[in-house]
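To start, the structure under review is shown below, and the notes come after it.
Residue numbers start at 1 and run along the sequence shown.
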Amino acid sequence: MIKYALKCTRGHTYDSWFGSSDDYDRLKSGGLLTCAVCGDPSVEKAIMAPRVTTGDVVPHPEPKRPPEEMLRALRAHVERTADNVGRDFAQEARRIDAGEAPRRSIFGEARPDEARSLLEDGIAILPLPTPQETNN
């Protein structure tokens with residue numbers, strides 16, 4: 001595991017963990033890194049200082065944005081920038097993968113067996129989280 005300090009073109013900085021430096025490079029080159037604060041797709045490594053521990057436990061700061069807010073922002077970004085193909089998600093993902101439909105970002109619904117089949121066939125998909133609404 002490796003932790004990088006990251007920054008976006010809008011000036012937001014945050015830390016993120018990656019399995020390896022190769023994992024970071026693969027996500028970056030695939031256009032899969034976005035700012036955790038604003039969703040900006042232009043994210044770069046920030047200057048980092050080495051971390052030397054003295055045995056004292058340093059508390060982690062509270063996140064700048066609560067996870068629920070970040071999930072809402074992620075979902076809003078996807079809904080704003082991708083095509084909603086509804087229940088045709090699995091079929092359309094296969095058509096895109098086969099070059100039968102224009103390559104683009106899509107979202108929609110898939111049954112668990114459809115999602116599993118897409119992944120087994122090497123078609124990259126991710127579940128789109130839906131944050132829980134609270135009534136306080």
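Shortest non-hydrogen contact noted between Met70 and Ala36 is CE-O, 3.0 Å. Of all heavy-atom pairs between Pro41 and Thr34, the closest is CA-CG2, 4.1 Å. The shortest heavy-atom contact between Phe18 and Leu33 is CE2-CD2, 3.9 Å.
Proximity of Arg95 to Glu92: side-chain heavy atoms (C-beta onward) are separated by under 4.5 Å at one or more points. The closest side-chain heavy-atom distance from Asn84 to Glu79 is not below 4.5 Å. Between Tyr24 and Ser16 the shortest side-chain heavy-atom distance does not fall below 4.5 Å. Side-chain contact check for Tyr14 versus Cys8: every heavy-atom pair is 4.5 Å or farther apart. Using a 4.5 Å heavy-atom threshold, the side chains of Ile96 and Ile106 count as touching. Arg75 has its side chain out of reach of Val78: every pair of non-hydrogen atoms, C-beta onward, lies at least 4.5 Å apart.
Leu27 and Ile2 fall within the same hydrophobic cluster, where Ile, Leu, Val, Met, Phe, Trp and Tyr residues are linked whenever their side-chain heavy atoms come under 4.5 Å apart, directly or through other members. Taken together through direct or relayed side-chain contacts under 4.5 Å among Ile, Leu, Val, Met, Phe, Trp and Tyr, Leu32 and Val43 form part of one hydrophobic cluster.
Here CH2 of Trp17 is found 13.5 Å from CG of Asp23. Values are rounded to the nearest 0.5 Å. We find the CZ-OG distance between Arg26 and Ser21 to be 9.5 Å, quoted to the nearest 0.5 Å.
Residues in residues 4-20 take part in these salt bridge (Lys or Arg N to Asp or Glu O under 4.0 Å) pairs, two or more places apart or across chains: Lys3-Asp15. For residues 66-117, no pair satisfies ring-ring contact (aromatic ring centres under 6.0 Å, His included), with sequence neighbours left out.
Formation of a donor-acceptor pair under 3.5 Å by the Asp40 side chain with backbone atoms of Cys35 is not found in this model.
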N/O donor-acceptor pairs under 3.5 Å from side chains in residues 115-124, not counting sequence neighbours:
from: Ser117; atom 1: OG; to: Arg94; atom 2: NH2; distance (Å): 2.8
from: Asp121; atom 1: OD2; to: Arg94; atom 2: NH1; distance (Å): 2.9
from: Asp121; atom 1: OD2; to: Arg94; atom 2: NH2; distance (Å): 2.9

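Applying the 6.0 Å contact sphere to CZ of Arg104 captures more than 12 heavy atoms from other residues, nucleotides or ligands.
Salt bridge absent: Arg72 and Glu69 never bring a charged side-chain N and a carboxylate O closer than 4.0 Å.
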